[in-house]
Amino acid sequence: MREGDEIARLITFLFAASVVLVTLLLVFELWQGSILPRHKFGFNFFRTSVWDPIFDQFGALPFIYGTLVTAGVALVIAVPLGIGAAIFLAELAPARVSDTLEFFIDLLAAVPSVIYGLLGVFIVVPLMREYIQPALKNTLGFLPLFQGPVYGVGLLTAGIVLAIMVIPYIISVSREVLLSVPRDQREAALSLGSTRWESTWQVVVPFARGGIMGSIFLALARALGETMAVTMVIGNAPVISASLFSPGDSIASVIANQFTEATGDLYLQSLIELGLVLFLITFILNGLARLLIVATSQKGSAMGNA
Amino acid sequence: MSSNLRWRKFVSGFMLTMTGVCALVAVSVLFFILGYLVFHGGTSISWNFFTKLPAPVGEGGGGMANAIVGSAKLLLLASLIGVPVGFFGAIYLAEFGGGATTFVVRYAADLLNGVPSIVIGIFAYGLVVLPFKHFSTLAGGFALGLMMIPVTLRSTEEFLRGVPRALREAAMALGASKWKTVATVIVPAAYRGILTAVLLAFARVAGETAPLLFTAFGNRFWSPGWDQPTSSLPVMIFTYAIAPYEDWHRQAWAAGLVLLGLILVINIVARAILARGIAVPRS
Amino acid sequence: MKRIAGILLITIAFAGVLWADNALLINGAGATFPYPIYSKWFAEYHKANGAIEINYLSVGSGAGIKQVTDGTVDFGATDGPMNDDQLKAYRDKHGAPILHFPTVLGAAVPTYNIPGVTTSLNFTPDALAGIFLGRISKWNDPAIANANKGVNLPANDIIVIHRSEGSGTTYIWTDYLSKVSTDWKDKVGKGTAVNWPVGLGGKGNEGVTGLIKQTPNAIGYVELIYAVQNKIPYGAVRNAAGEFVRADLAGVSAAAAAASKTMPEDFRVSITNAPGKGVYPISSFTWLLIPGKFSDATKRDAIKGFVTWMLADGQNYAETLSYAKLPKEVVDRELKAISKIQ
């Protein structure tokens with residue numbers, strides 16, 4: 001019997017080890033595969049905005065800008081909506097309603113990126129071009145954010161599509177975290193005469209603040225790595241512009257568009273370096289998210305048992 | 001009632017109603033997406049769609065038969081890679097592992113999980129496409145399989161750990177070796193959760209497009225065997241959606257409906273299995 | 001568990017058997033410019049030769065050049081001929097040359113979507129260069145209006161649409177602009193992927209056409225058939241002889257007429273802004289990139305068979321799709337060049 005155990009241990013260990021090996025290999029490949037631009041451009045890679053394959057000049061700034069701006073727009077829209085919905089589901093809705101709605105929210109999270117892209121191209125872009133962007137231009141056009149020609153595609157549109165994609169993450173994680181806040185916190189606040197909203201907003205939510213931040217980081221990580229939906233509606237122009245109506249490009253989108261045709265090692269490796277950058281950013285964000293969420297849940301259960 | 005209190009009560013009612021509105025908006029997006037896809041996709045689904053190969057540009061009557069089969073092959077391969085690694089790796093973590101190794105494996109899995117799908121595509125291109133000088137179903141399946149591993153691994157590990165100690169101790173007391181305990185008692189006890197995990201991982205990669213762009217590439221014909229480029233539903237949706245031809249748009253809607261339908265059905269089934277509870281009641 | 005494993009194994013075996021069909025699959029990738037005719041050709045060729053399937057993916061000339069150099073596809077296609085560096089890179093990697101085979105002649109046309117304008121506009125070279133440089137930003141700019149008296153051009157912003165990836169069509173367009181505008185030549189230059197001063201990117205000729213169709217006030221450059229098939233207006237361009245010519249078979253053939261007599265041996269030639277009457281100035285050959293040496297003899301023979309068919313029967317499909325046939329001299333020379341494929 002001992003032998004069987006040893007063999008089982010070995011086999012399962014090999015499988016587990018393969019996960020570690022393949023992950024290490026991936027990081028190694030990214031690092032090795034971006035050697036040329038790292039040596040040639042160094043940190044200037046992140047400060048230059050010229051992306052010119054003919055003259056072998058590669059600067060990542062437009063793509064970093066596009067990635068951050070679209071993710072920023074997405075969060076500005078998704079965070080209030082998501083936290084609001086999470087509060088409703090955790091604090092107000094009766095358990096069955098909460099569970100049913102959560103079920104639907106989870107389904108929304110399962111919709112693949114390319115379907116969002118499909119809907120983006122045929123619904124969101126015309127909507128933006130015909131109604132929303134002109135309306136914004138007419139009312140808020142004094143802000144540099146809403147100036148310039150109206151294309152339909154662009155940074156704002158990509159941000160809006162991303163917002164829809166990341167809302168489910170904010171909702172489900174925030175809801176869980178809010179639910180784990182011990183009851184006595186709420187009861188204490190209510191017994192001191194606060195209204196329902198005050199106890200929620202001034203006691204429960206701050207208690208769960210870490211976990212909610214964690215959900216935002218998760219959503220951010222997802223938004224940064226999104227490829228298909230973004231590339232279909234962002235306009236694919238490596239430019240930096242103050243206006244949200246302007247087309248742009250994101251790291252994931254430019255890799256998807258140009259990877260299969262990057263002739264020349266410097267070109268290809270510059271794209272790989274972009275991939276490495278994206279990987280590092282999402283890695284850090286995911287790590288922070290996890291820490292925050294775990295810390296908050298533990299705080300909740302620790303205090304609840306006090 | 002003082003006016004201050006009245007105001008606070010008003011604010012309370014208003015804000016709480018707003019949160020309800022937020023929830024409503026979020027959920028209605030899902031129904032809007034579904035409704036739109038059913039309307040546009042439903043009217044475009046035809047016999048041709050399921051049985052014909054793509055037609056030359058500008059001609060009608062083509063279909064996505066090869067894309068459907070291609071996706072099926074890719075997902076089969078992905079499962080063959082993702083499920084065993086995740087499953088057996090999780091057994092190691094839950095039953096045999098300890099301390100440092102467990103931490104390292106879990107960390108690696110979480111890292112892999114967070115890798116953007118386009119970067120997985122880059123990795124698979126360098127590892128499978130370049131050396132074999134072929135875009136292939138193999139490369140695409142490998143990329144998707146990589147994405148299945150972390151989800152399967154972590155979820156399976158959780159469900160295995162969730163099996164009550166009493167069961168393990170009972171089996172040991174009866175003289176069963178560790179591996180026999182795992183195979184005949186623990187895994188069957190956790191099988192609902194494991195199945196759910198596998199289904200959810202499957203549904204997740206079914207819709208992935210980015211990693212396939214430089215691995216499976218695309219094919220206007222049937223893809224023989226495993227070492228040739230293959231068409232797939234998500235990539236076809238992408239290609240057709242950005243093109244100008246109305247016929248292609250219709251096909252993209254139909255494909256979107258089929259794909260989303262598949263993913264949603266799998267998700268619902270998986271959650272239903274889990275909701276039935278684990279096979280053995282907790283002590 | 002055992003049952004599931006068993007079913008899985010049977011399915012795999014079944015799958016392997018079912019899809020190991022006997023047809024020879026040849027993979028190619030590249031230009032979107034000729035994709036309508038290529039997709040027609042490969043479909044027709046497969047009908048005539050059931051055992052040969054030529055899978056061509058329209059991903060852009062840049063990708064075609066790269067993939068054939070990497071060896072991940074069996075042949076490539078481009079409308080911007082490979083430059084000497086790229087040729088050398090291929091040679092160094094494979095120990096054999098890469099051969100260019102012209103297939104058809106096509107035209108890159110300026111297409112637009114201007115509310116209220118359904119006629120064909122006249123574009124001077126300066127107007128086109130100015131629009132794509134971002135200097136001319138409104139449709140009613142004098143540079144455009146002066147060539148189009150009587151047309152009611154709105155005072156709307158021009159939305160420029162170019163390619164988001166490496167494209168032979170871009171090469172043709174920028175090659176022409178470099179010839180007619182020193183400003184363009186200095187600031188941007190010619191190539192398959194340039195640093196565009198303004199505009200949005202669409203993926204492939206298909207993506208650009210799609211964007212133009214949906215975006216009012218847009219202008220972009222696509223191959224003629226894309227504008228025709230999608231019923232969007234396209235303009236006339238003033239040629240070197242001073243005439244405004246709208247792209248058609250005669251104009252494109254005229255552009256190639258002079259060049260075909262002086263065609264270099266490797267078939268790489270630019271016919272943009274060609275001199276002569278009736279010439280459409282933004283015309284171009286488009287090429288298949290075929291390796292000079294094949295390790296697989298069946299694939300080599302299949303490709304040689306296709307090229308032979310393409311130069312004969314294939315040419316008859318060109319005109320219905322608005323591509324011009326190859327001049328006879330070029331066809332003759334190519335037939336001889338087929339023997340170079342080892």
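Labels below follow one simple rule: chain letters A, B, ... track the order of the sequence lines, proteins then strands, and each chain is numbered from 1.
- Among all heavy-atom pairs drawn from I115(A) and G256(B), the shortest one is CD1-O, 3.3 Å.
- For A110(A), the parts sitting under 4.5 Å from any heavy atom of chain B are the backbone and the side chain alike.
- For T102(B), no part sits under 4.5 Å from any heavy atom of chain A, backbone or side chain.
- In terms of heavy-atom pairs under 4.5 Å with chain A, the best-connected choice from A203(B), A23(B), S12(B) is S12(B).
- Neither the backbone nor the side chain of L274(A) comes within contact range of chain B, judged by heavy atoms closer than 4.5 Å.
- How far CZ of F122(A) is from CH2 of W253(B): 6.5 Å, rounded to the nearest 0.5 Å.
- Counting only heavy atoms from C-beta outward, the side chains of F88(A) and C22(B) never approach each other to under 4.5 Å.
- At a 4.5 Å heavy-atom cutoff, the contact between L127(B) and chain A is made by side-chain atoms alone.
- Scanning all heavy atoms of the two residues, the minimum distance from V114(A) to G207(B) falls at CG1-O, 4.3 Å.
- Interatomic distance, CD of E6(A) versus NZ of K178(B), reported as 10.5 Å (0.5 Å rounding).
- For the set P112(A), A109(A), G84(A), G225(A), the count of heavy-atom pairs under 4.5 angstrom toward chain B peaks at G84(A).
- Taking L118(A), L218(A), L89(A) one by one and counting their heavy-atom pairs under 4.5 Å with chain B, the maximum is reached by L118(A).
- Interface residue P80(A): only backbone heavy atoms are found under 4.5 Å from chain B.
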side-chain contact (heavy atoms from CB on, under 4.5 Å) between V111(A) and I263(B), worked out: CA-CA 7 Å; V111(A) 175; I263(B) 292 176; over 6 Å; no
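- F217(B) touches chain A through its side chain: at least one heavy atom from C-beta onward sits under 4.5 Å away, while N, CA, C and O do not.
- Residues Y92(B) and L14(A) form no side-chain contact, since every pair of their non-hydrogen atoms from C-beta on lies 4.5 Å or further apart.
- At least one side-chain heavy atom of I33(B) sits under 4.5 Å from a side-chain heavy atom of Y116(A).
- Side-chain contact between I11(A) and F96(B) is absent, with no heavy-atom pair separated by less than 4.5 Å.
- Within the 4.5 angstrom heavy-atom criterion, atoms from both the backbone and the side chain of A252(B) approach chain A.
- Using a 4.5 Å cut-off between heavy atoms, L24(B) does not touch chain A at all.
- The OG1 atom of T227(A) lies 8.5 Å from the CG atom of L213(B); values are rounded to the nearest 0.5 Å.
- Of all heavy-atom pairs spanning G193(A) and R8(B), the tightest one is O-NH2, 3.0 Å.
- The CG atom of L276(A) lies 9.5 Å from the CD1 atom of I122(B); values are rounded to the nearest 0.5 Å.
- When heavy atoms are compared at a cutoff of 4.5 Å, R290(A) approaches chain B solely by way of its side chain, counted from C-beta outward.
- Remark: F103(A) CZ is packed, more than 12 non-hydrogen atoms of other residues, nucleotides or ligands lying under 6.0 Å away.
- Put simply, of L37(B), I266(B), V105(B), L153(B), the one with the most heavy-atom pairs under 4.5 Å next to chain A is V105(B).
- F10(B) is not listed as a side-chain neighbour of T195(A), based on a closest heavy-atom distance of 4.5 Å or more.
- If you tally non-hydrogen atom pairs under 4.5 Å between each of I251(A), T282(A), L92(A), V27(A) and chain B, the highest count goes to L92(A).
- Here the side chain of N267(B) pairs no donor or acceptor atom with the backbone of L107(A) at under 3.5 angstrom.
- The two residues S18(A) and V85(B) come nearest to each other via the heavy atoms OG-CG1, 3.8 Å.
- When the candidates L21(A), D106(A), L30(A) are compared by the number of heavy-atom contacts under 4.5 Å with chain B, D106(A) comes out ahead.
- Ranked by heavy-atom pairs under 4.5 Å with chain B, the first of L108(A), L285(A), L26(A), V20(A) is L26(A).
- Residues D110(B) and N286(A) form no side-chain contact, since every pair of their non-hydrogen atoms from C-beta on lies 4.5 Å or further apart.
- Relative orientation of the F259(A) and Y125(B) rings is perpendicular, given thresholds of 30° and 60° on the angle between their planes.
- For the pair F14(B) and W197(A), the minimum side-chain heavy-atom distance is 4.5 Å or more.
- Taking 4.5 Å as the limit, some side-chain heavy atom of V22(A) sits within range of a side-chain heavy atom of F123(B).
- Taking chain A as the reference chain and counting heavy-atom pairs below 4.5 Å, the highest number among L264(B), V29(B), I242(B) is found for L264(B).
- With a 4.5 angstrom heavy-atom cutoff, S199(A) does not touch chain B via any of its atoms.
- Looking at L101(A), both its backbone and its side chain come within 4.5 Å of chain B, counting heavy atoms on both sides.
- Of the candidates L93(B), V182(B), I91(B), I91(B) is the only one forming a side chain to side chain contact (heavy atoms under 4.5 Å, CB included) with T12(A).
- T23(A) approaches A108(B) most closely through the heavy-atom pair OG1-O, 3.6 Å.
- From L119(A), atom CG reaches atom CZ of F32(B) across 7.5 Å, with rounding to the nearest 0.5 Å.
- Heavy atoms closer than 4.5 Å to chain A are found in the side chain of R271(B), but not in its backbone.
- For I123(A), the part lying under 4.5 angstrom from a heavy atom of chain B is the side chain only.
- Here the shortest heavy-atom pairing between F15(A) and P84(B) reads CD2-O, 4.0 Å.
- Across L24(A), I87(A), T260(A), the residue that shares the most heavy-atom pairs under 4.5 angstrom with chain B is T260(A).
- For the atom pair F283(A) CZ and L112(B) CG, the distance stands at 12.0 Å (nearest 0.5 Å).
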